[in-house]
Amino acid sequence: MDIQIPEIGKSFARPDAAAKVTGAEKYAVDYYGDHLLWAGVRRAEVAHGRIRNLDTSAAARLPGVMAVLTGRDVPGANRQGIVHKDQPVLATDKVRYSGDAVALVLAENRETLKQAIDLIEVDIETLPGVFTVDEALKPDAPVLHEEHPGGNVLLKAEIKAGKGESALKDCHILIEETFDVPMQAHAFLETENGIAWQEADGRVVLIASTQAPFRDKWEISHALGLGMDRMRVISPYLGGAFGGKDGATVQCFLVLAALHAGGRPVKMWWNREENFAAGYKRHAAHMRYRLGANSDGTLQALHCRLYYNTGAYAHLGGEVMALGMEHAGGPYRIPHTLIEGWCVYTNNPIAGAMRGFGVAQVSFAIEQMMDLLAAKLNINPLALRKKNALRRGDQNTSGVTMTQSTGIGDCLAALAENPLWLKRNDWKQAAGPFKKRGVGVSAVFNAMGYGRGLPDSAIAKIELTEGGRIRVYNGVTDMGQGNATAFVQIAGQILCQENTRIELVQPDTDRTLPSGSSSAGRTTYTYGNALIKASESLRRKIIGRAALMLLADTLDHLELLPGRVRDLQSGREIPLEMIGSMMAAEDRICISQFLMPVVRDKLDTGKGFIIGFPHLIFSYAAHLACIEVDELTGAVEVKNYAAATEAGRVLNPQTFTQQVQGAIAQGIGYALYEEIKMEQGRLLTPDFTTYHIPGAMDVPEISSQIVETWEPSGPYGMKGVGEVGSNGPLPAIANALADACGIRLTCSPLKQERVLEALSQSRREGGS
Amino acid sequence: MRQVRLPQTLADLWSLLNKDPTALIFSGGTDLFVKMRADKVAASTMIGLERLAALRDIREDNGDIRIGACATHENILRHPLIAAHLPVLVQALRTLGSPPIRTMGTIGGNICTASPAGDTLPPLYVLRAEVEIASSKGSRSVPIPDFIAGPGQIRLAAGEIVTGVRVKKPAEFNLHHFEKVGQRKSMSCAVAGMAALLRVTPSGAIEACRLAWGSVGPTVMTDAGIENFLTGKILSPDTLSAAARQVTRMVMPIDDVRATADYRRTVSGNLLLRLSGMENPTIELKRQSPSEGM
């Protein structure tokens with residue numbers, strides 16, 4: 001590692017990079033233990049049914065089986081969930097999707113575990129299921145949660161601004177279209193896993209691959225009736241998550257198992273098939289749009305009906321839909337809106353958080369609506385977007401005043417000057433035989449933070465160790481996005497210390513402090529703000545304590561320098577090692593909390609949302625895709641891609657660009673290949689043989705342009721950049737497809753078979 | 001517990017096979033390991049062929065090209081003999097799996113797995129490959145269409161192994177073409193694929209042609225009628241379109257999670273259209289005399 005004093009705004013190598021590439025870094029999955037037990041669950045394998053009988057006796061008798069637990073053995077509420085607690089840890093009466101767990105087995109090894117799970121006999125009376133939104137909303141539809149007052153509707157909400165949909169009738173131009181997007185899998189490398197054991201004093205320690213160790217404690221405590229002081233949750237670096245580890249996966253199973261393991265460590269590790277069967281997914285959505293504009297292209301009114309298929313349990317479904325609704329009108333000024341949303345239970349795997357949380361879906365719709373409008377008005381699609389782009393001071397489509405940095409206009413302006421845009425016609429002309437080329441754009445945004453109603457808070461803790469080193473107690477998981485890197489930069493910048501002197505402690509509920517989940521583009525923003533305050537306190541403190549040893553009667557001439565404090569007048573210095581060893585333990589620590597600001601507008605809408613509406617701060621991006629369509633196979637190849645991204649000031653150009661590139665690669669998968677296919681709640685794409693994510697050859701060179709603004713509330717002016725890039729590729733590629741061959745696909749993914757069918761249909765209808 | 005045996009010589013192999021004729025034979029293992037993970041392999045003894053140097057050889061033999069069954073896809077891809085004479089096979093191998101799969105997987109394995117989607121199979125069919133088979137009692141060879149009986153089905157008796165594959169240098173053809181339609185560019189099982197060998201005159205007349213389609217029937221599909229239809233005609237979009245219509249009637253695809261039968265049928269025909277505009281063959285002909293082909 002190069003020795004350097006980290007600086008804000010300069011690329012800085014991840015402190016975890018060397019350990020990760022050499023395999024030394026321990027992820028949750030790398031933890032084993034002496035006398036290890038393995039835990040696993042028997043899943044229902046039935047999409048909807050009533051449990052008539054559960055016979056675990058044969059499994060329990062199998063040699064090597066330590067325990068077989070059922071819902072009756074769950075000491076607490078046996079309910080998990082972040083907002084709505086509707087998901088059993090172990091189902092006792094009903095099963096609502098095929099991945100519902102009915103029994104938990106602890107065994108000496110994985111082979112015995114598998115045998116025991118197969119020996120559990122569960123007799124389920126099959127009930128008719130609902131799998132699509134249409135089926136679930138029928139008046140006589142089977143109901144998943146009988147106790148839920150809304151029936152199969154988890155949440156119905158609306159956002160209204162201006163005159164609402166009634167303004168559509170006054171518009172010169174009206175565009176109407178319906179869009180559908182499928183479920184997407186996170187496809188992270190490290191599948192759901194963890195290890196737990198009970199200490200001699202009865203406390204349970206859980207090391208898990210989780211985005212939210214502190215909230216896990218609350219969830220486990222509620223579900224298992226275990227005091228929050230009776231457990232400790234540790235979250236090492238994650239091998240990917242993208243939202244899929246924001247909530248209960250293995251946590252309750254493992255803590256329950258640990259309570260029955262006699263102090264032995266218990267490991268649970270879902271394989272890829274279990275990850276597909278029981279892991280969270282991005283919501284499939286059905287979206288009906290009506291967009292009205294003046295004949296000069298000024299947007300006037302929008303009416304949307306959005307249906308999110310949330311699967312068997314609430315998880316974060318309502319909140320995902322809320323964010324989708326908040327972004328349904330795109331980063332534009334539309335004075336009159338009515339956005340209606342239905343979040344609907346079905347007997348499918350659970351849909352929940354995923355990068356671009358509800359927003360990736362609506363971006364597909366609104367950004368194609370914009371191109372449809374541009375085509376109708378014969379306006380350049382980039383110019384139409386620029387004309388309507390939100391500026392600071394505008395009201396967005398929820399009626400929220402844009403008081404913070406609002407850089408979508410700058411992103412669009414940057415794209416307009418990109419050579420890929422300027423030379424697009426020449427490039428399109430050069431297509432070879434049986435190839436058609438097209439260039440498409442999209443303008444996207446993504447809110448940051450939890451939104452109103454849920455404090456978006458972080459508590460930073462930083463220490464001058466006894467040995468004179470700087471230790472940052474990071475309370476918010478680094479799932480690969482590099483927030484921990486930013487924290488080293490912040491501490492290094494403020495304390496003027498070399499990277500080799502700065503240590504990181506990853507989230508641990510015993511050592512670090514509650515700082516929320518690693519999600520919502522808020523990790524670096526919220527914790528970073530707290531850390532700036534804590535680091536500045538520590539700097540003042542170190543100088544103040546150094547004064548005692550330097551016999552300085554004023555702090556004015558003391559400067560904290562790498563490894564030492566120097567009296568600039570006398571030239572005397574004292575090393576940090578000496579200061580650290582002089583200070584008392586409680587004196588060496590600084591703690592500071594930060595709370596994200598919220599919207600101050602008084603809104604008379606969105607009352608259906610329990611939490612998470614509206615949002616104050618957004619990041620923005622304009623994307624451009626150059627694609628080539630093969631007329632013989634329908635295959636779409638992304639040949640070039642450009643993104644102009646605005647997320648305030650950039651702390652680390654390297655990690656910023658990695659976020660942009662990763663989001664686009666994942667977005668290309670969402671655009672072209674990825675689709676969870678199901679039949680009656682049974683997965684037809686249960687693994688990576690059938691569920692295709694893009695490979696290196698499917699992702700082109702990505703030109704990522706940083707468009708900086710200043711976000712006054714951000715740490716050094718920054719905003720979160722992790723999610724916004726996910727929202728652009730699907731609509732940009734769909735628009736490029738229309739540009740290339742005049743076909744507009746409203747159903748994603750834009751897979752070759754669909755494209756070929758649309759091409760031949762367009763020929764039949766008298767096209768080329 | 002499973003036993004894995006790795007014989008060093010053919011003699012060792014025959015003696016192992018005599019002791020346990022039900023032993024499962026594998027080479028690179030890239031298909032087998034997937035099945036093992038899914039608990040679909042019952043055999044208690046497995047015999048790996050990777051240490052048998054005699055089976056890895058790629059060489060010229062009496063003017064033919066002989067590829068040992070255990071030659072890996074990567075070995076074949078990089079071999080000058082193959083590059084010079086069998087571009088159609090090279091093109092197909094470039095689309096097979098990924099670098100790790102190509103480094104482990106072997107041509108013998110691809111043949112014996114007998115997947116309708118096996119990437120080397122359409123080229124081997126148009127090359128009229130002979131599969132060499134041996135046992136402790138002797139050896140024989142059969143044309144590849146007679147060896148592969150159906151999806152995953154091969155005509156190999158107990159105690160026999162595939163030792164290699166032999167092709168004649170396709171000197172009479174000056175246009176080699178292979179195209180695979182997958183769901184992405186690598187690590188993708190073919191949805192449809194086509195291998196073609198043609199002899200085309202500078203004026204575009206097709207003097208000879210062999211065609212084979214993968215993933216659109218229980219085994220690789222060929223059709224002498226379509227080949228005859230094209231022979232003697234000009235390589236033009238009209239000719240190819242007419243042949244493509246025959247292809248869509250000839251193939252026997254199925255619906256599965258990757259693609260519908262309709263799509264496979266349409267694309268099988270469309271792949272033929274790709275040949276239009278290829279009158280000026282791409283193959284390097286420097287090893288051929290002017291009388292051969294051009």
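For clarity, every value in this text was computed on a predicted model and none was experimentally measured. Each chain gets a letter, A, B and so on, in the order the sequences are listed, and its residues count up from 1.
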Original post:
Does NZ or CZ of A:Arg43 come closer than 6.0 Å to the centre of the six-membered ring of A:Trp270, within 45° of the ring's axis?
Top reply: yes
Residue, of [options], that accumulates the most heavy atom pairs under 4.5 Å with chain A:
options: B:Val34, B:Val181, B:Val191; answer: B:Val181
options: B:Glu179, B:Arg258, B:Arg274, B:Arg264; answer: B:Arg274
options: B:Val257, B:Val267, B:Asp256; answer: B:Val257
options: B:Lys185, B:Met187, B:Arg184; answer: B:Arg184
options: B:Leu273, B:Asn270, B:Thr266; answer: B:Asn270

**OP:** Give a yes or no on whether a salt bridge exists between A:Lys436 and A:Asp630, defined as a side-chain N under 4.0 angstrom from a carboxylate O.
**Re:** no
**OP:** Run the ring-centre check on A:Tyr691 versus A:Phe276 and record whether the distance is less than 6.0 Å.
**Re:** yes
Original post:
Centroid-to-centroid, A:Phe364 to A:Tyr670, below 6.0 Å?
Top reply: no
Non-hydrogen atoms of chain B under 4.5 Å away: do they reach the side chain of [X], the backbone, both or neither?
X: A:Glu637; value: side chain
X: A:Ile693; value: both
X: A:Thr689; value: both
X: A:Leu756; value: side chain

**OP:** Heavy-atom pairs under 4.5 Å with chain B are the metric here; pick the option from A:Glu757, A:His692, A:Met697 that has the most.
**Re:** A:His692
Original post:
Is it true that the side chains of B:Ser236 and B:Asp238 contain a donor and an acceptor less than 3.5 Å apart?
Top reply: no
Original post:
Side chains of B:Ser115 and B:Thr113: is there a donor and an acceptor less than 3.5 Å apart?
Top reply: no
**OP:** For B:Ala43 and B:Leu24, work out which heavy atoms get closest and say how close.
**Re:** CB-CB, 3.6 Å
